[in-house]
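Take a look at this one; I'll ask things after.
For reference, positions follow the sequence shown, starting with 1.
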Amino acid sequence: QVQLVESGGGLVQAGGSLRLSCAASGRTFRTYAMGWFRQAPGKEREFVGMISWRGGSTYIADSVKGRFSISRDNAKNMAYLEMNSLKPEDTAVYYCAAGEGGSYVESYDSWGQGTQVTVSS
């Protein structure tokens, strides 16, 4: 497993942008697909997107497609979630996760502690 720490969350106005970072420890980071999920109060954890272990493939949820993008830098053990044109409904705690990939929570073994993103209208 790898240990993950998210950063970059905060308060932003609607239409603004944020870039979340996920720092991983462990030499096996580059062997894992990386996923981003979010959870709003009272709601289940929701898939946002993922990137393959090499970074050659990404899959973005329809709810954020065209606004969010994912990248990774295996040399730095980092993954990123770039969020543009933010909407109030994007408000949630955002988590990065490492695992087999896909859109299911169960496909990921390691999780960060989460970072809060709040979008004001």
More than 12 foreign heavy atoms under 6.0 Å from CD of Glu44: is that the case here?
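Open.
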For the residue pair Glu89 and Val119, establish whether any side-chain heavy-atom pair is separated by less than 4.5 Å.
no
Rounding to 0.5 Å, atoms CG (Asn77) and CZ (Phe29) come to a distance of 5.5 Å
TODO: Please answer whether the main-chain N or O of Ser85 pairs with a side-chain N or O of Arg67 as donor and acceptor at a distance below 3.5 Å.
DONE: yes
When every non-hydrogen atom of Ser63 is compared with those of Glu46, the smallest separation belongs to OG-OE2, 3.5 Å
| Is Arg72 reaching over with its side chain to a backbone N or O of Ser52, donor-acceptor style, under 3.5 angstrom? | yes
Query - side-chain contact (heavy atoms from CB on, under 4.5 Å) evaluation trace for Val64 with Met83 - result: CA-CA 9 Å; Val64 300; Met83 305 185 294; over 6 Å; no
N/O donor to acceptor pairs below 3.5 angstrom from side-chain atoms of residues 15-26, sequence neighbours left out:
residue : atom : partner : partner atom : Å
Ser17   : OG   : Asn84   : OD1          : 2.9
Ser25   : OG   : Gln3    : OE1          : 3.0

Check: So which residues get pulled into Val93's cluster when ILVMFWY side chains under 4.5 Å apart are joined, directly or through others?
Finding: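 Besides Val93, the cluster holds Phe37, Phe47, Met50, Tyr59, Tyr95, Val105, Tyr108, Trp111.
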Any idea which heavy atoms bring Ala14 and Ser121 closest together, and the distance?
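Smallest heavy-atom distance, with atoms named: CB-CA, 4.4 Å.
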For this session: Report the C-alpha separation of Trp36 and Ile51 in whole Å, then their side-chain angles, then the decisive distance to 0.1 Å, and conclude whether the side-chain contact (heavy atoms from CB on, under 4.5 Å) test is met.
Result: CA-CA 9 Å; Trp36 285 93; Ile51 186 167; over 6 Å; no
Task: Sequence-distant partners of Thr118, side chain to side chain contact (heavy atoms under 4.5 Å, CB included), two or more places apart - done: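 Partners of Thr118 under the side chain to side chain contact (heavy atoms under 4.5 Å, CB included) test: Leu11, Thr91, Gln116.
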Requested in this report: Decide, yes or no, whether a salt bridge links Asp62 with Lys65 under the criterion of side-chain N to carboxylate O below 4.0 Å.
Outcome: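 Salt bridge present between Asp62 and Lys65.
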From CA spacing to verdict: side-chain contact (heavy atoms from CB on, under 4.5 Å), Tyr80, Ile70
CA-CA 6 Å; Tyr80 305 97; Ile70 295 175; over 6 Å; no
Would you say Asn74's side chain and Trp53's backbone share a donor-acceptor pair under 3.5 angstrom?
->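 The answer is yes, because a donor-acceptor pair under 3.5 Å joins these two groups.
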| Of all heavy-atom pairs between Ser107 and Gly101, which one has the smallest distance, and what is that distance? |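 Heavy atoms only, the tightest pair is CB-O, 3.1 Å.
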Of all the heavy-atom pairs spanning Cys96 and Glu6, show the shortest one and how long it is.
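Minimum heavy-atom separation between Cys96 and Glu6: N-OE2, 2.8 Å.
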Problem set entry | Closest contact, heavy atoms only, Val2 versus Ala98 |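 What the structure gives for the nearest pair is CG2-CB, 3.6 Å.
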